[in-house]
Amino acid sequence: MVEHGARGEPLVPFAPPVRLAALLARPELGLRLVAGDPATELHWVHTSEMADPYPYLLGGELLLTAGVQLADAGADPERFVARAAGAGAAALGFGVTPVYDTVPGALAEACARHGLPLVEVEPGTTFAAVARAVWRLMADARLHELRRVTDAQRALATAAARPGPVPAVLKVLAGRLGGRAALYAPDGTEYAAAGRGLTPEEAAALDRLVAVVARAERRPSSAADTVAGAGGTGGTGGMGGTGGPGATGQVRLAAYSLGTGREGLTLGLALARHEEADQRIAETAMVLLSLLTAPHQGADEATRSAALVRLLLGAHPEDVAPLLGDAPWTVVHARGGDPQAPPPALGTPLVDAAEGTVRALLPAGREVAPQPGWTLGASAPAGPDALEAADAQAARALRRAEAAHTGLARHRPGGLDALVDPAEADAHARTLLGPLLDSPALLETLRVWLSLHGGWDRTATALGVHRNTVRQRVARCAALLDADLEDAQTRMELWFALSRVRPGA
């Protein structure tokens with residue numbers, strides 16, 4: 001069971017939370033708020049009829065129950081609500097059938113006392129329907145967040161290419177974050193800024209953060225704080241505290257060093273909210289501002305920076321290849337056990353770390369070596385016109401390394417791929433796997449299952465699903481393909497075909 005320290009900040013998933021009010025607004029569910037704040041944020045859904053739900057909650061859940069545990073003689077609604085609230089549950093959903101006809105008054109009173117929102121789930125609305133609605137709302141919120149990040153990154157890259165790029169980037173950043181963005185000199189003086197003005201309290205708090213970052217022994221570094229903004233209620237939060245996404249009256253302040261030297265600049269931000277999308281937008285701006293304000297770039301670094309900016313603006317890889325270094329290059333994919341660990345030391349500044357996988361581009365002559373705590377997949381050397389293929393080679397090599405539990409796997413230039421015409425191989429693969437091509441989930445399940453030598457539990461862990469789901473999907477694959485998946489020859493042919501078909505293609 002996953003835990004969180006001292007029942008403090010709940011562990012939350014990658015998707016953004018949704019407000020209870022959005023769920024209440026779904027007319028097909030017929031939910032009714034009995035008590036509590038509709039602005040409460042929901043991170044996930046959990047169903048339980050346990051008398052004490054505390055050991056089974058992570059925090060942030062909409063806890064759904066039909067009240068079976070409260071129907072017993074001597075059941076105490078006060079204790080049940082207190083334990084759920086103590087575990088960090090966000091809200092309680094109570095189904096009024098089949099055990100109760102109405103929400104018990106004692107339960108509503110206990111929820112009001114403990115500040116736990118209580119929602120009545122009408123007869124005919126299943127808990128599964130409520131959970132599905134939450135997941136859909138979270139998916140919509142995630143899509144909106146990704147679009148906002150993508151649009152902001154394009155706007156920042158365009159601003160970086162304009163005359164006077166630093167003020168242009170600051171203006172776009174402040175506008176996208178709905179606050180203020182400023183650059184500070186090493187002595188703490190502000191010399192470029194955009195966005196709204198700061199209150200005296202906000203300005204003083206941000207100055208303190210900038211001073212902390214400027215004095216840091218190791219750069220880059222950062223510091224953050226939360227203060228009460230206009231209409232806020234309360235003083236400042238502790239260093240590194242969070243005001244929560246969209247906290248009413250709270251302003252998030254942050255300071256980030258740009259560059260690695262003690263003489264570097266500091267970026268100061270004042271944000272009305274602190275969501276994952278805002279963090280990604282700020283990180284993009286930090287990279288661009290670091291490139292634009294670096295005072296002593298070497299020739300190699302300057303040309304690489306120019307290449308990256310041109311790629312951001314839509315230039316073709318062939319046009320910027322001469323700026324990146326001598327070809328051919330090797331593409332490396334890496335995954336580590338600690339998502340917070342810095343990227344592995346591969347001897348190249350051309351590194352992209354996103355979505356749990358680090359991708360790196362190594363210029364000619366750089367040897368790929370195993371890295372402690374990391375699993376690596378390396379492509380064959382490639383020119384600028386073959387980098388996309390090399391990226392796919394590195395991804396396949398990484399999957400092979402993970403399946404074999406080895407630290408490093410390299411692309412094999414020979415084998416069946418070298419013996420068969422690529423066009424014929426692709427045609428054969430699409431014919432063989434034709435019944436599965438419209439189902440990316442079945443294709444990926446079969447791919448992972450074969451790569452892990454038919455291990456049900458390991459495949460379930462790799463895909464993040466239940467082992468029974470894996471069994472059902474593999475059985476479905478066997479039926480659609482009319483194939484005996486226990487036969488070694490069949491497995492070999494399918495593995496070869498899967499190497500020619502990308503998921504979603």
Side-chain angles (χ1 to χ4, degrees), residues 1-13 17-26 29-97 99-122 125 127 130-131 133-134 137-138 226 232-234 237-238 241-250:
M1 181 178 66
V2 182
E3 298 180 352
H4 52 283
R7 296 291 179 181
E9 289 294 324
L11 299 176
V12 296
V18 297
R19 294 194 183 277
L20 178 58
L23 188 64
L24 294 170
R26 305 285 291 227
L29 297 178
L31 303 179
R32 182 176 70 89
L33 182 64
V34 178
D37 185 2
T40 298
E41 291 181 339
L42 308 177
H43 291 278
W44 40 48
V45 179
H46 181 69
T47 301
S48 175
E49 301 298 337
M50 302 294 294
D52 182 7
Y54 188 99
Y56 308 98
L57 300 180
L58 296 174
E61 300 94 345
L62 169 61
L63 176 60
L64 298 174
T65 180
V68 174
Q69 71 280 31
L70 301 177
D72 296 335
D76 184 4
E78 175 73 23
R79 182 178 184 278
F80 174 77
V81 172
R83 293 292 286 174
L92 180 64
F94 191 85
V96 294
T97 183
V99 182
Y100 287 87
D101 294 328
T102 60
V103 176
L107 181 67
E109 294 170 1
C111 286
R113 281 192 297 273
H114 289 276
L116 184 67
L118 175 61
V119 176
E120 178 185 277
V121 183
E122 68 174 16
T125 298
F127 287 173
V130 175
V134 172
L137 288 170
M138 294 177 73
T226 303
T233 58
T242 59
T248 303
Q250 296 292 309

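Index from 1, following the sequence. All of these numbers come straight from a predicted model, not from anything done at the bench.
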Side-chain donor-acceptor distances from residues 58-71 under 3.5 Å, at least two apart:
| residue | atom | partner | partner atom | Å |
| --- | --- | --- | --- | --- |
| E61 | OE1 | G59 | N | 3.0 |
| E61 | OE2 | W44 | NE1 | 3.4 |
| E61 | OE2 | L58 | N | 2.5 |
| E61 | OE2 | G59 | N | 3.1 |
| T65 | OG1 | S48 | O | 3.2 |
| T65 | OG1 | E49 | OE1 | 2.8 |
| T65 | OG1 | G67 | N | 3.1 |
| T65 | OG1 | Q69 | OE1 | 3.3 |
| T65 | OG1 | Q69 | NE2 | 3.2 |

Run the side-chain hydrogen bond (donor to acceptor under 3.5 Å, both in side chains) test against H46 and tell me which residues pass, sequence neighbours left out.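 Residues passing side-chain hydrogen bond (donor to acceptor under 3.5 Å, both in side chains) with H46: none at all.
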Over all atoms of both residues, closest heavy-atom pair of [X] and [Y]:
{"X": "V34", "Y": "A108", "answer": "CG1-CB, 4.0 Å"}
{"X": "L116", "Y": "L92", "answer": "CD2-CB, 4.0 Å"}
{"X": "V81", "Y": "A110", "answer": "CG1-O, 3.7 Å"}
{"X": "A91", "Y": "L20", "answer": "CB-CD2, 4.4 Å"}
{"X": "P17", "Y": "E41", "answer": "CG-OE1, 3.8 Å"}
{"X": "H114", "Y": "A85", "answer": "CB-CB, 4.3 Å"}

Does D101 have more than 12 heavy atoms from other residues, nucleotides or ligands lying within 6.0 Å of its CG?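 Not buried by this count: 12 neighbours or fewer within 6.0 Å.
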Determine the sole option in T40, L42, L24 for which the side-chain contact (heavy atoms from CB on, under 4.5 Å) test with P117 is passed. T40
Could you list all the salt bridge (charged side-chain N to carboxylate O under 4.0 Å, His left out) pairs where at least one residue sits in residues 80-89, not counting sequence neighbours?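 Only D52-R83 qualify under salt bridge (charged side-chain N to carboxylate O under 4.0 Å, His left out).
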Identify, with sequence neighbours excluded, every residue that meets salt bridge (Lys or Arg N to Asp or Glu O under 4.0 Å) alongside E109. none
L29 vs L23 side-chain heavy atoms within contact, under 4.5 Å: yes
With the side chain counted from C-beta on, respond yes when L31 and V121 share a heavy-atom pair under 4.5 Å apart, and no when they do not. yes
Set of side chain to side chain contact (heavy atoms under 4.5 Å, CB included) partners for A75, sequence neighbours left out: none
Which residues pass the ring pair (Phe, Tyr, Trp, His ring centres under 6.0 Å) test with F94, not counting sequence neighbours?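 With neighbours one apart ignored, the set is Y100.
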